[in-house]
Amino acid sequence: MKRIWMMVIKNIAMVPYWYLKLCYYAWNSKRIPEEKKFALFREIIEKANRGGNVTVRSYGAEHVPRDQSFIYVPNHQGLYDVLAILSGSPCFFSVVMKKELEHVPFLNKIFQIMGAYSMDREDVRQAMKVIVTVSQEISSGKNFLIFPEGTRSKKQNTVGQFKGGSFKCATKAKCPIVPVAIVNAYKVFDTNSVKPVTVTIQYLEPLYYEDYKMMKTNEIAELVGKKIQEAIRKIEKNG
């Protein structure tokens with residue numbers, strides 16, 4: 001939490017303006033072009049990173065499809081993950097988030113602007129409705145991000161078990177799956193430190209529908225999880 005306060009204090013003159021603008025964008029989200037939303041997010045994240053001693057290195061953006069909608073599938077380390085991916089993504093996207101994040105200040109406005117969907121992991125019927133809705137949104141041209149682990153990993157840069165159900169949106173929409181390796185994002189908001197930290201985001205080559213159409217969702221989950229863990233190991237080895 002210290003780093004969050006550091007970000008706020010070093011940008012104190014801009015915080016009220018940003019919050020009011022986020023509120024305006026949230027209330028008028030359907031009327032505001034994605035380009036303007038993306039630009040606002042990038043501005044806020046860039047200044048927050050500078051104030052909080054955070055550097056984001058992003059690689060592999062050339063792997064992200066430009067000609068069709070897709071789903072980002074990253075490992076999950078903490079509250080900073082979505083902001084890190086937003087700072088490096090070449091495309092705007094929405095998120096499937098856990099229900100508890102609906103009440104996190106500042107982040108909840110960002111999710112509202114993104115058109116995010118919250119999923120209640122304890123309510124199977126509600127979760128299935130979200131999966132169906134999101135798959136329809138992807139089919140209509142919207143990009144999404146979903147965390148297949150369901151919750152943040154407690155083992156830092158070790159990937160937890162990917163759940164097959166998280167890939168049902170992709171299989172229903174028959175869209176590309178873009179694995180994303182996140183390294184050291186847990187150090188930003190999930191430790192009590194303000195030391196300089198570098199977060200690495202690696203967009204991996206996508207799996208297209210033709211690559212996974214004959215696989216079960218749990219098989220897709222295992223494959224993607226392994227690809228991300230291998231990428232994390234390479235990133236850590238190369239520094």
Taking the side chain as everything from C-beta on, heavy atoms only, tell me whether [X] gets closer than 4.5 Å to [Y].
X: M119; Y: Q126; result: yes
X: N157; Y: Q77; result: yes
X: M215; Y: F167; result: no

How far apart are the closest heavy atoms of [X] and [Y], and which atoms are they?
X: F93; Y: M114; result: O-CE, 3.1 Å
X: P74; Y: P148; result: O-CD, 3.3 Å
X: E46; Y: R50; result: OE2-NH2, 2.9 Å
X: I138; Y: S69; result: O-OG, 2.5 Å
X: S135; Y: K172; result: CB-CB, 3.6 Å
X: V197; Y: N184; result: CG2-O, 4.0 Å

Quiz prompt | Given V159, I201, I235, T200, the one that forms side chain to side chain contact (heavy atoms under 4.5 Å, CB included) with I182 | solution =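 Between I182 and the candidates, side chain to side chain contact (heavy atoms under 4.5 Å, CB included) is satisfied uniquely by I201.
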Quiz item: Are L20 and V15 in one and the same hydrophobic cluster, where Ile, Leu, Val, Met, Phe, Trp and Tyr link if side-chain heavy atoms are under 4.5 Å apart?
Solution: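 No, L20 and V15 fall in different hydrophobic clusters.
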Quiz item: Out of curiosity, does Y19 fall in the hydrophobic cluster containing M7 (side-chain heavy atoms, cut-off under 4.5 Å, transitive links)?
Solution: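 Same hydrophobic cluster.
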Quiz item: Are any of the side-chain nitrogens in K226 or E230 under 4.0 Å away from the carboxylate oxygens of its partner?
Solution: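 Salt bridge flag = no for E230 with K226.
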Practice problem: Using the side-chain contact (heavy atoms from CB on, under 4.5 Å) rule, take V8 and F106 through it: C-alpha gap first, then chi angles, then the decisive distance, then the call. | Solution: CA-CA 11 Å; V8 171; F106 228 80; over 6 Å; no
Quiz item: Going by the angle between their ring planes, with limits at 30° and 60°, are F92 and F41 parallel, tilted or perpendicular?
Solution: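 Answer is parallel, since the angle falls under 30°.
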Between [X] and [Y] (side chain of the first, backbone of the second, donor and acceptor by atom type, cut-off under 3.5 Å), is there such a pair?
X: R57; Y: T55; result: no
X: S89; Y: I85; result: no
X: R42; Y: L86; result: yes
X: S94; Y: A116; result: yes

Quiz prompt | Audit row: Y72, Y203, ring-ring contact (aromatic ring centres under 6.0 Å, His included) steps and yes/no | solution = CA-CA 9 Å; Y72 280 137; Y203 303 95; 5.5 Å; yes
Exercise. Please check if any side-chain donor atom of N75 sits under 3.5 Å from a side-chain acceptor atom of Q229, or the reverse.
Key: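 No donor-acceptor contact under 3.5 Å links the two side chains.
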Exercise. Before giving the answer on side-chain contact (heavy atoms from CB on, under 4.5 Å), spell out for D81 and L145 the whole-Å C-alpha distance, their side-chain angles and the decisive distance to 0.1 Å.
Key: CA-CA 11 Å; D81 295 349; L145 179 152; over 6 Å; no
Quiz item: Do M97 and Y117 pass the side-chain contact (heavy atoms from CB on, under 4.5 Å) test, and can you show the C-alpha distance, the side-chain angles, and the key distance before you say yes or no?
Solution: CA-CA 6 Å; M97 63 181 182; Y117 288 91; over 6 Å; no
Nearest 0.5 Å, what's the [atom1]-[atom2] distance between [X] and [Y]?
X: I113; Y: I32; atom1: CD1; atom2: CD1; value: 7.0 Å
X: Q136; Y: K142; atom1: CD; atom2: NZ; value: 12.5 Å
X: S193; Y: K2; atom1: OG; atom2: NZ; value: 8.0 Å

